[in-house]
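The structure appears below as structure tokens.
As the structure lists them, so they are numbered: ligands from 1, and atoms in each ligand from 1. Computed from a predicted structure; not experimentally measured. Residue indices begin at 1 and follow the sequence shown.
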Amino acid sequence: MPSTAIIGTGFHVPDRVVSNAELTGLMDTSDEWIVERTGIRERRWVREGESGADLARRASEMALEDAGCEAGEVEAIVLATLSPDHFFPGTGVFLQRELGLAGIPSIDLRAQCSGFLYGLQVADALIRSEQYRTVLLVGVEIQSTGLDLSTRGRDMAVLFGDGAGAALLEAIDGGDRGVLSTHLWADGRHAETLWAESPSACRHPYVSAADLDAGRHYPTMDGRDVFRHATRRMPEAVETALEAHGLAASDIDLLVPHQANLRISQMVQRRLGLPDEKVVNNIERYGNTTAATIPIALAEAVRAGRLEPGDLLCMVAFGSGFTWASALVRW
Ligand code: ACO
């Protein structure tokens, strides 16, 4: 049975930088509050007309170039997002069209902040089943257009950013390289703890003027509950992955945690006993880009020379659903 190697990474973020200071002009907040509670100093927001498919294409092209591959070598696309360009069809087919890959399958996957790792399990299974040799995995998010930028929405609005990250995955001959395992979990009992109620196909019409007036299209969250669960589930997810291979936290060479909040990542780091140089944090510059945080952070870490062949890479995520996930990769 083949294994799955990550042979290229890439990312793209909009060029519009939105600082904490800029947000203070829109809502009652402060740079001190945002930095102290979240670690975020700035994020990237799209300009009018920029689409998720555009961001995803740019990230994908970088991953293809990194791998030394042509787009035509991609045999399947798996795209994770919670913010599709359209209610349907999924962003995956728009990306496929932009890459000029008519005919290959394009799977849209909705697992919010855990989307990239859910996608990694799907892509890894497609490769191990020997149905596809080369799969493009993308996490992309446009959060900024869905936020309540008034003081009412400040708890959410300061957290999120836009961006895309991509990884090109390829079958390699067995051995101990590549994706060692992926572990996924979900607990829908917490579905409404972090969600956007509208648009909803349960209602006629999907979006009504009353929904808009009530702000039901804006995401809401019980931040403390999310924080409590994230700081418990993320270390557990890493420990489960390590145990499956008889490994210890000290064996991890690089941890790429979902960038939800710097304080969450720091608590995960402490619980695992990892030194700073083994943990990737870029939330300071990009905020929380949901399904895109892990592939963006991974692509930056690769470019910074933080992964050597043979290194043990661990990725872990937690988010809306609740969903959470971990993955181990022998680089
Ligand atoms: N600026 C200024 N004040 C604010 C802001 C803001 N942006 N947002 C909330 N406040 C106020 C609140 O209104 C509250 O005021 P009050 O005491 O007068 O009522 C006060 O700050 C404290 O609010 P809390 O919600 O208790 O603040 P907390 O310390 O819990 O921090 C935060 C909030 C940062 C959202 C935190 O709960 C958190 O990090 N939760 C994790 C959620 C998360 O990261 N979600 C990301 C998406 S999910 C994911 O990716 C895992």
Side-chain angles (χ1 to χ4, degrees), residues 18-43 80-83 110-118 139-144 146-163 165 184-187 190-196 215 218-238 256-269 280-284 286-297 315-326:
V18 177
S19 66
N20 291 346
E22 187 174 337
L23 295 183
T24 63
L26 300 169
M27 62 192 81
D28 180 13
T29 189
S30 67
D31 180 52
E32 296 72 31
W33 193 97
I34 300 170
V35 172
E36 189 196 314
R37 309 279 177 130
T38 73
I40 300 165
R41 292 183 188 275
E42 59 188 37
R43 70 287 291 144
T81 191
L82 68 69
S83 53
R110 302 186 59 182
Q112 300 69 250
C113 305
S114 307
F116 187 77
L117 297 185
Y118 268 61
V140 56
E141 223 69 71
I142 294 183
Q143 290 279 9
S144 59
L147 298 170
D148 179 353
L149 299 180
S150 72
T151 296
R152 180 179 64 170
R154 65 183 177 174
D155 60 329
M156 297 292 278
V158 301
L159 296 176
F160 293 100
D162 306 335
L184 313 182
W185 296 266
D187 187 347
H190 303 277
E192 291 90 1
T193 305
L194 173 51
W195 76 326
Y218 292 129
T220 58
M221 133 183 112
D222 178 340
R224 289 188 173 201
D225 206 30
V226 174
F227 195 95
R228 201 167 44 247
H229 281 85
T231 49
R232 201 173 76 224
R233 294 305 191 188
M234 289 172 79
E236 274 176 14
V238 172
V256 178
H258 166 53
Q259 308 285 302
N261 181 320
L262 185 62
R263 291 192 307 155
I264 293 177
S265 296
Q266 286 170 337
M267 286 180 78
V268 174
Q269 175 181 350
V280 180
N281 292 305
N282 64 7
I283 192 166
E284 183 183 28
Y286 301 136
N288 180 347
T289 57
T290 325
T293 72
I294 290 180
I296 292 174
M315 297 176 276
V316 62
F318 180 90
S320 162
F322 291 146
T323 57
W324 61 106
S326 60

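- For atom 51 (C) of ligand 1, the nearest non-hydrogen atom of the protein is Phe318 O, 3.0 Å.
- Counting non-hydrogen atoms of other residues, nucleotides and ligands closer than 6.0 Å to CZ of Arg263 gives a total above 12.
- Gln112 pairs in a side-chain contact (heavy atoms from CB on, under 4.5 Å) with only one of the listed residues (Thr323, Leu194, Thr81), which is Thr323.
- Relative ring orientation between Trp185 and Trp324 is described as parallel, the plane-to-plane angle staying below 30° on a 0-90° scale split at 30° and 60°.
- Nearest non-hydrogen protein atom to atom 22 (C) of ligand 1 is Arg37 NH1, 3.6 Å.
- For ligand 1 and Asp155, the ligand atoms under 4.0 Å from any heavy atom of the residue are 8 (N).
- Nearest-heavy-atom check against atom 25 (O) of ligand 1 across Arg224, Arg233, Gln259 picks out Arg224.
- Here the side chain of Thr151 pairs a donor or acceptor atom with the backbone of Asp28 at under 3.5 angstrom.
- With respect to atom 45 (N) of ligand 1, the closest heavy atom belonging to the protein is Met221 SD, 3.4 Å.
- In this structure, His190 and Phe322 have parallel ring planes: the angle between them is below the 30° cut-off, well short of the 60° mark.
- The shell of residues lying under 4.0 angstrom from ligand 1, judged by heavy atoms, includes Cys113.
- In the vicinity of His258, heavy-atom distances shorter than 4.0 Å reach the ligand 1 atoms 49 (C), 50 (O).
- Protein non-hydrogen atoms do not reach within 4.0 Å of atom 16 (P) of ligand 1.
- Between Arg154 and ligand 1, a contact under 3.5 Å exists for at least one N or O pair.
- Atom numbering of ligand 1 starts at 1 in the shown order; those under 4.0 Å from a heavy atom of Val158 are 7 (N).
- With a heavy-atom cut-off of 4.0 Å, Leu159 touches ligand 1 through its side chain alone.
- An N or O contact shorter than 3.5 Å links Gly223 to ligand 1 by distance.
- Listed for the Asn261 side chain is a donor-acceptor partner under 3.5 Å among the backbone atoms of Arg37.
- Looking at atom 44 (O) of ligand 1, its nearest protein heavy atom turns out to be Ala260 O, 3.5 Å.
- Short contacts between ligand 1 and Asn261, defined as distances under 4.0 Å to a heavy atom of the residue, involve ligand atoms 34 (C), 38 (C), 39 (O), 44 (O).
- Looking only at protein heavy atoms, the nearest one to atom 1 (N) of ligand 1 is Thr29 OG1, 2.6 Å.
- Taking a distance limit of 4.0 Å, we find that atom 5 (C) of ligand 1 is approached by some protein heavy atom.
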Go through Glu141 and Thr289 one step at a time and tell me if the side-chain hydrogen bond (donor to acceptor under 3.5 Å, both in side chains) criterion holds.
CA-CA 6 Å; Glu141 223 69 71; Thr289 57; over 6 Å; no
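- Looking at atom 46 (C) of ligand 1, its nearest protein heavy atom turns out to be Asn288 ND2, 3.4 Å.
- In terms of protein heavy atoms, atom 21 (O) of ligand 1 is closest to Trp33 NE1, 3.3 Å.
- Among all protein heavy atoms, the one lying closest to atom 48 (S) of ligand 1 is Leu194 CD2, 3.2 Å.
- Summarising the geometry, atom CD belonging to Gln269 is positioned 9.0 Å from atom CG belonging to Leu262; distances are rounded to the nearest 0.5 Å.
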